[in-house]
Amino acid sequence: EALLEAAGITDTNADGWREYNGTTLHYVATCPNGWTDWQAAIEIVAAAGPAIGIDITTSYPEWSEYQNVVTNWPLPDTGYDIFMMWSDGAGPTQPWGRVRHLISSEFAGTSGNWNGNWGGYSNPAADALIQAIPAETDPDTLKGYYTDLTGIYLSDVPSFTLMYRPQSFQTVNESV
């Protein structure tokens, strides 16, 4: 709430919903119909909206429609604003794959994209770090690269890990 207030995103007409540039913040959160664990997670996201003055509703299209939405660029105008997709786990065996999957611009703007970065994020500095990692052998340098990439992800990318499956465990930094 403090971040929204500081950004000037407030409820100017006292209807309970915040506005940005005169438009009420309303988002549609979606995942495939019948994927009940994902649907339950999306319902939790939607239920959190009113606590901060953002109207979030849910929609559950069939998989055939959903997969065409999230894997094609530009993203079709479907009315979906928040969608759920999978990513690589955050385990110690695959940190490079995960960061590449989440923010590498090599996947941005592609059709039939089953690889990642479905939001189309692009940052040349992040790409340079991702490309440098496989050839780097110095542990301190690698730690610096991953620290920088984590900072980019946490500050720039409108994506987050909503839940994890048994094969994926997450680390949380509550200061960010």
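The first residue of the sequence shown is numbered 1, and numbering continues consecutively from there.
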Please check if [X] and [Y] belong to a single hydrophobic cluster, counting links between Ile, Leu, Val, Met, Phe, Trp and Tyr side chain heavy atoms closer than 4.5 Å.
X	Y	value
Trp118	Phe107	no
Ile152	Leu154	yes
Met84	Ile44	no
Trp114	Tyr66	yes

Atom pair [atom1]/[atom2] of [X] and [Y] - distance to nearest 0.5 Å:
X	Y	atom1	atom2	answer
Leu149	Ile103	CG	CD1	5.0 Å
Leu25	Ile56	CG	CD1	9.5 Å
Asn33	Glu65	CG	CD	10.5 Å
Ile54	Glu1	CD1	CD	9.5 Å
Thr150	Arg98	OG1	CZ	9.5 Å

Keeping the roles fixed (side chain from [X], backbone from [Y]), state whether a donor-acceptor pair exists under 3.5 Å.
X	Y	value
Trp96	Ile130	yes
Arg18	Ile9	yes
His101	Asn115	yes
Asp127	Ser105	yes
Asn113	Gly116	yes

Indicate whether the side chain of Ser175 and that of Asn173 have a donor and an acceptor atom separated by less than 3.5 Å.
-> yes

Can you give me the closest heavy-atom contact between [X] and [Y], atom names plus distance?
X	Y	value
Val28	Thr58	CG1-C, 4.4 Å
Pro50	Ala46	CD-O, 3.3 Å
Ser104	Asn117	O-ND2, 2.9 Å
Ile52	Leu4	O-CD1, 3.9 Å

Partners passing side chain to side chain donor-acceptor pair (under 3.5 Å) against [X] (at least two apart in sequence or in another chain):
X	value
Tyr145	none
Ser59	none
Asp11	none
Thr57	none

Does Asp138 have any side chain to side chain contact (heavy atoms under 4.5 Å, CB included) partners at least two apart in sequence or in another chain, and if so, which?
-> Glu136, Asp140, Thr141

Go through the structure and list residues passing side chain to side chain contact (heavy atoms under 4.5 Å, CB included) with Thr12, not counting sequence neighbours.
-> Thr10, Glu19

Side chains of [X] and [Y]: does their closest heavy-atom pair fall under 4.5 Å?
X	Y	answer
Val99	Tyr153	no
Tyr60	Cys31	yes
Tyr80	Val70	no

Glu106 meets the salt bridge (charged side-chain N to carboxylate O under 4.0 Å, His left out) criterion, sequence neighbours left out, with Arg100

For residues 11-35, which residue pairs qualify under ring pair (Phe, Tyr, Trp, His ring centres under 6.0 Å), counting only residues two or more places apart or in two chains?
-> Trp35-Trp38, Trp35-Trp63

In short, salt bridge (charged side-chain N to carboxylate O under 4.0 Å, His left out) pairs touching residues 39-53 with sequence neighbours left out are none

